[in-house]
Number of protein chains: 2
Amino acid sequence: MTRRQEIMGTALGLMRKKGYLNTSMRDIASSVNMEAASLYNHIKGKEEILVDTCFGLAETLELGIKEVNDIYFNAAEKLAMAIHNHIQALTQDLNASHLFVHEWRHLSDDKRAQFIQRRDLYEKEFRDIVILGFEEGEFKDVDPKFATLTILASLNWVGEWYRPQGDMEPKEIAQKLTQFILSGLQKN
Amino acid sequence: MTRRQEIMGTALGLMRKKGYLNTSMRDIASSVNMEAASLYNHIKGKEEILVDTCFGLAETLELGIKEVNDIYFNAAEKLAMAIHNHIQALTQDLNASHLFVHEWRHLSDDKRAQFIQRRDLYEKEFRDIVILGFEEGEFKDVDPKFATLTILASLNWVGEWYRPQGDMEPKEIAQKLTQFILSGLQKN
DNA sequence: TTGGAAAACTAACAAGTGTTAGTTAGTTTT
DNA sequence: AAAACTAACTAACACTTGTTAGTTTTCCAA
């Protein structure tokens, strides 16, 4: 593990616990036993931590949804796989997920604009699955935008309560979420 | 409208746009055309804004769920009404909702502990409805904790995309959410 | 053993933070 | 008219912020 990775990992942990703005370069430095100024031998600045993390996870998610569309499935299967990939990506590094879900707002103006664009594109991929399901006659005639936002809300919130040593594994969470989203709470 | 209310309202708007930590007392002051120090004639300090808002909305939500339990309904009807009340409370002031959903983390330690406790209690009320539904034989045998968190995630996320002048009214949103949560995406 | 890069250090800067103290003008109450 | 209250002000304090410049130490390849 390079020193840079060590710094990044420590920073992400602190930022998840205290928030991005509340985590100072001095906090990060002392957590890896060095002075704040020394961090600049490894990273360009504080924002680099946020940028690399947000865009890194964005790329992982994009690859995940592309994989879903490459393989031919019906909408229900596509949705199940998309949910699975999303949950895998998010639970794989909860600290990074926190920045991705909550702290992207503090990106500088241009980076934030780029981020929002990629996020919207990702949302659109989900929405297309919902629309496909309707065209197949398998899904109800719901408002696709509304449904997609609701689905993604459920997925992104998993990072708030998932605990790696807990009693549910990512795979199981994804499966339950898929079940819930497809057929809801009510019996028949 | 008192000067205090004016300050609070302005502060909440700024804090939703820029985040709690990124909004300085000087920002707030200049938005209401006064000096930062003068704010202290009306509020005790910056945290009071966060505390009053978070606990105020908490109380509204608690009243909402109590109302649901006072009136006898089956679980499906209870859930529908609980969702309706929750969405009404959240969409009624999106600025306050932002603090409630996102910025409560920055409460001081003791206030945060209180907040979490009340939040957990509110979650429990929702969970009890899910459990009741199962006991009635109306809901599936889902993991109640998992289901509740997923439901609340969907509800809380509404504040991220709801726009007051948009094409969906709170009542309609609540109705669609209820429908989605009860019977899901899939036909049959 | 030595040269040079990598990685740490100290010191400092310029800006911004929430908050307090003390004051003043204007209004309300006694 | 005198006293008290309200709400604004200026000035300052003590501290924290991200970052840069310049310097010293560490460490590995030649």
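Values below: every heavy atom of this structure, side chains too, minus hydrogens, waters and symmetry copies. Note that the coordinates shown come from a computational prediction; the quantities given were computed from them, not determined experimentally. Here is how names work: the chains are called A, B, and so on, in the same order as the sequence lines, proteins then strands, and each is numbered from 1.
- Across the interface with DNA chain D, nearest-nucleotide mapping of A/Ala37 and A/Asn22 shows A/Asn22 to be the residue nearer the 5′ end.
- When the P atom of C/dA8 is taken as reference, atom CE of A/Met34 falls 4 Å away, rounded to whole Å.
- Per the geometry, CG belonging to A/Leu39 stands 9 Å off P belonging to C/dC9, to the nearest Å.
- One finds no salt bridge joining A/Glu136 and A/Lys78 here, because no Lys/Arg side-chain nitrogen approaches an Asp/Glu carboxylate oxygen to under 4.0 Å.
- By the 30° and 60° cut-offs, the orientation of the rings of A/His102 relative to B/His102 is perpendicular.
- A salt bridge does not link B/Lys46 to B/Glu103: none of the charged side-chain nitrogens sits closer than 4.0 Å to a carboxylate oxygen.
- Ion pairing between a basic and an acidic side chain is recognised when a charged N comes within 4.0 Å of a carboxylate O; B/Arg4 and B/Asp52 show such pairing.
- At least one side-chain nitrogen or oxygen of A/Ser38 sits closer than 4.0 Å to the OP1 or OP2 atom of C/dC9.
- For B/His42, a side-chain nitrogen or oxygen approaches OP1 or OP2 of D/dA8 to under 4.0 Å.
- Atom CG in B/Leu14 sits about 12 Å away from atom P in C/dG18, given to the nearest Å.
- Backbone-only contact: B/Thr23 has heavy atoms under 4.0 Å from sugar-phosphate atoms and none from a base.
- If you take CD1 of A/Ile28 and C1' of D/dT16, they are 14 Å apart, rounded to a whole angstrom.
- Going from atom CD of B/Glu35 over to atom P of D/dA7 covers 17 Å, rounded to whole Å.
- B/Lys18 has its NZ atom 11 Å from the P atom of C/dG16, to the nearest Å.
- Remark: P of C/dT20 and NZ of B/Lys44 are 11 Å apart, rounded to the nearest angstrom.
- Look at C/dT28: its Watson-Crick or wobble partner, with both distances under 3.5 angstrom, is D/dA3.
- Judged by atom type and distance alone, A/Asn41 does not reach the base of C/dA6 through any side-chain donor-acceptor pair under 3.5 Å.
- Phosphate proximity of C/dT19 to B/Arg26: absent, as no side-chain N or O sits under 4.0 Å from OP1 or OP2.
- When the nucleotides C/dA8, C/dT19, D/dC9 are ranked by their closest atom to the side chain of B/Tyr40, C/dT19 comes out on top.
- Distance CD (B/Gln5) to P (D/dA7): 13 Å, rounded to an integer number of Å.
- In this structure, B/Ser24 reaches the sugar-phosphate backbone alone: every heavy-atom distance under 4.0 Å involves primed, P, OP1 or OP2 atoms, never a base.
- A cation-pi arrangement is absent between A/Lys140 and B/Phe180 under the rule of less than 6.0 angstrom and at most 45 degrees off the ring axis.
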